[in-house]
Amino acid sequence: MTKVISFANQKGGVGKSSLSIQAAFYLARKKKKKVLVVDMDAQGNTSSRVAPRVIDEDGSFEPTLYGTKSADLFKDELDNLEIMKCPHGIDLIHTPQNDPELFEMEAADLDKALNPKRHLTPVFENYDYVIIDCPPSLGRNLVAALVMTTHVACPVKLSGFAIDGVEGLLSTIIGIRETQNNELNILGIIINDMDRSVNHERSLKVLQDAIPEMMFKNKIMHRPPLDTAITDGKPIWELPYGHVAAREVETVMRELLERAK
Ligand SMILES: Nc1ncnc2c1ncn2[C@@H]1O[C@H](COP(=O)(O)OP(=O)(O)O)[C@@H](O)[C@H]1O
Ligand SMILES: [Mg+2]
């Protein structure tokens with residue numbers, strides 16, 4: 001059975017795209033799995049990192065994007081669905097950078113948000129894992145992602161308000177599970193980009209006391225090499241100075257797969 005894993009949080013900058021990208025690398029390269037990435041965030045960050053790229057003389061790069069894009073999946077009729085082939089053997093349904101058509105879908109009718117699932121269900125059968133990068137919102141695009149998800153993980157960056165955001169997110173996910181998708185499993189909360197500040201320790205304790213069963217045992221600390229790896233579209237373990245970050249990411253990936261069993 002294909003596992004469809006979404007990384008969701010309505011806040012931006014918490015690590016949804018970073019974890020989506022590294023999860024895809026980890027599953028494709030270390031676990032030799034067939035992996036499809038679906039980029040449901042209109043910003044298209046994940047697509048630009050996963051896609052093949054043309055490097056210019058000055059070192060900047062252009063991702064090469066083609067085929068069906070995520071916004072197309074909301075159409076009632078979709079004739080030929082073309083999936084991109086990317087480095088590391090990863091397949092991708094992409095979103096161009098800041099795609100207005102996908103932003104527009106945030107306000108679409110609910111029945112439109114069910115179209116991506118309808119179009120993709122037969123496609124998903126060809127993969128061991130599908131990774132969905134979700135938008136930083138609680139709108140229709142998140143609904144579209146979660147109705148076709150089997151397992152959702154929530155990356156969280158600690159702050160004084162982290163608990164409020166997590167409560168809103170969990171109640172949205174539970175609402176979708178109750179009304180649209182009773183196959184949806186909540187894997188839990190992955191603390192990412194943490195430092196050892198009093199503020200982070202305190203807000204971690206609030207979460208641990210409130211929802212202990214939801215918390216991943218393993219965390220990812222603030223690790224600049226992870227940012228470099230994401231920018232370069234590389235698996236974290238390929239960076240010469242990324243050992244600590246690589247170990248943390250890999251430990252979280254192992255826990256994620258264990259929880260998804
Ligand atoms: N653990 C971490 N340590 C350092 N930088 C990180 C870490 N996790 C994410 N980042 C960086 O923070 C920024 C936001 O992360 P991103 O994955 O794009 O968040 P989101 O997709 O939730 O908006 C990116 O530049 C990313 O490289
Ligand atoms: Mg993102």
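Numbering of ligands and ligand atoms starts at 1, following listing order. This one's a predicted model, so the numbers in the text were calculated from it and none came from an experiment.
At a 4.0 Å heavy-atom cut-off, ligand 1 touches Asn192 through the side chain alone.
Near Lys16, meaning under 4.0 Å from any of its heavy atoms, are these atoms of ligand 1: 17 (O), 19 (O), 20 (P), 21 (O), 22 (O), 23 (O). For ligand 1 and Asp227, the ligand atoms under 4.0 Å from any heavy atom of the residue are 5 (N), 11 (C), 24 (C), 25 (O), 26 (C), 27 (O).
There is a protein heavy atom less than 4.0 angstrom from atom 26 (C) of ligand 1.
Note that CZ of Phe25 is 5.0 Å distant from CD1 of Ile90, once rounded to the nearest 0.5 Å.
Using a non-hydrogen distance threshold of 4.0 Å, Met221 registers as a contact of ligand 1.
Looking at residues two or more places apart in sequence or on another chain, you find no side-chain hydrogen bond (donor to acceptor under 3.5 Å, both in side chains) involving Lys217.
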Can I get a per-line list of side-chain donor-acceptor pairs under 3.5 Å for residues 221-230, giving both atom names and the distance, sequence neighbours left out?
unit_1: His222; atom_1: ND1; unit_2: Asp193; atom_2: OD1; d: 2.6
unit_1: Arg223; atom_1: NE; unit_2: Glu248; atom_2: OE1; d: 3.1
unit_1: Arg223; atom_1: NE; unit_2: Glu248; atom_2: OE2; d: 3.2
unit_1: Arg223; atom_1: NH2; unit_2: Glu248; atom_2: OE2; d: 2.6
unit_1: Thr228; atom_1: OG1; unit_2: Pro224; atom_2: O; d: 3.3

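Protein N/O/S atoms closer than 2.8 Å to the Mg ion (ligand 2), listed by chain and residue number, are Ser17 OG.
Backbone and side-chain nitrogen or oxygen atoms of Gly12 are examined, and none is located within less than 3.5 angstrom of a nitrogen or oxygen of ligand 1. By the 3.5 Å distance cut-off applied to N or O atoms, Asp133 is not counted among the residues near ligand 1.
Through direct or indirect side-chain contacts shorter than 4.5 Å among Ile, Leu, Val, Met, Phe, Trp and Tyr, Leu78 is connected to Val4, Leu36, Val38, Met40, Leu73, Phe74, Leu81, Ile83, Ile93, Leu102, Met105, Leu120, Val123, Phe124, Tyr127, Val130, Ile132, Met148.
Shortest contact from atom 20 (P) of ligand 1 to any protein heavy atom: Gly13 N, 3.4 Å.
Classification of Glu238 and Arg29 as a salt-bridged pair holds, one side-chain N sitting under 4.0 Å from a carboxylate O.
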